[in-house]
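In what follows, a single structure is set out as structure tokens and then discussed.
Note: hydrogens, waters and symmetry copies are ignored here, and every other heavy atom, side chains too, is used. Every chain is numbered from 1 and lettered A, B, ... according to where its sequence line falls, protein lines coming before strand lines.
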Number of protein chains: 2
Amino acid sequence: MSPAAETEAPWARRPKRADGRRNYDAILEAARVAFANRGTGASLEDIAKAAGVAIGTLYGHFPTRETLVEASVREQLDQLDQAATTLTEEDGDALGALTAWVRLAVEHCSTYRGLASFLAGSAHTAGAPLHHTGVIVHKAVAPLLAKAKEAGRIRADVTAEELYAVITAAAWTRENSPEQVDHSVRLLAFVTEGMAPQAG
Amino acid sequence: MSPAAETEAPWARRPKRADGRRNYDAILEAARVAFANRGTGASLEDIAKAAGVAIGTLYGHFPTRETLVEASVREQLDQLDQAATTLTEEDGDALGALTAWVRLAVEHCSTYRGLASFLAGSAHTAGAPLHHTGVIVHKAVAPLLAKAKEAGRIRADVTAEELYAVITAAAWTRENSPEQVDHSVRLLAFVTEGMAPQAG
DNA sequence: ACCTGAACACCGTTCAAGT
DNA sequence: ACCTGAACACCGTTCAAGT
């Protein structure tokens, strides 16, 4: 498998022609603003208008809403992947490293209202644009989880899939929390305690 | 405050005229089927068609989608409320009673795909039709929570609001789980362990 | 290779007219 | 008091024509 095959997805590729790249970038930027303000269900016509392109141009680059959502969080996901590597290499508190990364993952998955639902919806559909996120999360969390288990801080039977369910559930809770209090913090605290070996 | 004011909501009242009641019931039944098959975002026109009424009739009885969703789960909510009373009166395992009721509540809140999001959305909006659900859950869970605390099975600082966040998050997880495995079961198990006094 | 925007489809919501 | 359905608005999606 070539490096390009790993990094380049079949959907939403950045065009080669200069005008195409300009439009692609403008659409992405407008989408990020719209998703941040209105959630992932924001009007695609409004996004095209804000980007200064016709609606057909948007569809040319992003054939489905999901491809646009995926592209709008792709860079952030790369950072999340790298953070897992950094945290795994650090010596010290294995449980702290795991929980720190889980919190980063929850923040990523709650970037926009509606993102958690998109992620959950494509979690079990191989080939879906946002299925990639689940794959990355699984791969990234595996070594962190293994180290925490070796250190005796997490039950041996906790799986990466269960952690992903926890992360998306916490992200959804965060999306839906009132501005004053983020209920996902306490939810994660309870879950973390519950995953400790001494419990139960 | 009269008893009627407590039980009768200002939205979605069952009409007094016979033809009105027939249509009201037919719409509700069609809505339950449509919500079960397509989630709470199901087409209202299709529901009206299935009920054999004009779209205006549907809007006459249920001015917003939320009122229709609320009415479609109201009876079930009453049962959930009664179950809390029964479980509170039982002698025996206080933690078991609490967790049994929480599981019933999770099932209620995941009756239809999309219901958990409706509930979370109206949780902090007094006056919203589905805000009622949150109020009932809070009232119902309070004595169960108090007994579990007295028995030393749950941390003293756990609030009913936190439990409601846990319930809706678990319901959302259940809605989004693949058919083979319900991830909310493990999520609830972890949270329950994490709420125990000996943890942390 | 990429862009445009008209055209079509579908659905939510309102309201004047009716019984 | 309740019902009807046409009318309007808004949005997603496609595609023939253009550069």
Ring geometry between B:H183 and A:H124 (parallel below 30°, tilted from 30 to 60°, perpendicular above 60°):
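The arrangement is parallel - the two ring planes meet at less than 30°.
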Over how many whole Å does the gap from [X] atom [atom1] to [N] atom [atom2] extend?
X	N	atom1	atom2	result
B:R38	C:dC10	CZ	P	13 Å
B:K49	D:dT4	NZ	C1'	15 Å
A:D25	C:dC3	CG	P	11 Å
A:D46	D:dG12	CG	P	8 Å
A:D19	C:dT4	CG	C1'	13 Å
A:I27	C:dC3	CD1	C1'	10 Å
B:L58	C:dC15	CG	C1'	16 Å
A:R14	C:dC2	CZ	P	12 Å

If you assign B:L44 and A:H61 each to the DNA chain C nucleotide with the nearest heavy atom, which residue ends up on the more 5' nucleotide?
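Final value for this comparison: A:H61.
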Quick check: on DNA chain C, is the nucleotide nearest B:G56 upstream (toward 5') of the one nearest A:P15, or the reverse? Name the residue that is more 5'.
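With A:P15 and B:G56 compared, the 5'-side residue is A:P15.
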Looking at the side chain of B:Y59, which of C:dT4, D:dG12, C:dT13 is the nearest nucleotide?
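Nearest to the side-chain atoms of B:Y59, counting from C-beta on, is C:dT13.
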Classify [X] by what it touches in the nucleic acid, base, sugar-phosphate, or nothing, heavy-atom distance under 4.0 Å.
X	result
A:G60	nothing
A:A18	nothing
B:T57	base

Can a donor-acceptor pair be found between the side chains of B:S184 and B:R103 at a distance below 3.5 Å?
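B:R103 and B:S184 do have a side-chain donor-acceptor pair below 3.5 Å.
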Using distance alone, with no hydrogens and no angle criterion, decide if B:S110 and B:R174 have a side-chain donor and acceptor under 3.5 Å apart.
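There is such a pair between these side chains.
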Mapping B:I55 and B:R17 to their closest nucleotides on DNA chain D, which lands nearer the 5' end?
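So the residue in question is B:R17.
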Which residue, B:R21 or B:E45, contacts DNA chain D at a nucleotide closer to its 5' end, judged by nearest heavy atom?
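Nearer the 5' end of the strand: B:R21.
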Please report the shortest heavy-atom distance between A:L115 and A:E175, naming the atom on each side.
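Nearest pair, atom of A:L115 first, then A:E175: N-OE2, 3.4 Å.
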Shortest non-hydrogen separation from A:A31 to A:I47 and the atoms involved:
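So the minimum-distance heavy-atom pair works out to N-CG2, 3.8 Å.
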Phosphate OP1/OP2 of D:dG12: any A:S43 side-chain N/O under 4.0 Å
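Indeed, a polar side-chain atom of A:S43 lies that close.
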Give none if C:dC2 has no partner; otherwise give the nucleotide forming a Watson-Crick or G-U wobble pair with it, both distances under 3.5 Å.
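Pair assignment: C:dC2 / D:dG18.
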Under 3.5 Å on both distances, the Watson-Crick or G-U partner of D:dG12
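Result: C:dC8.
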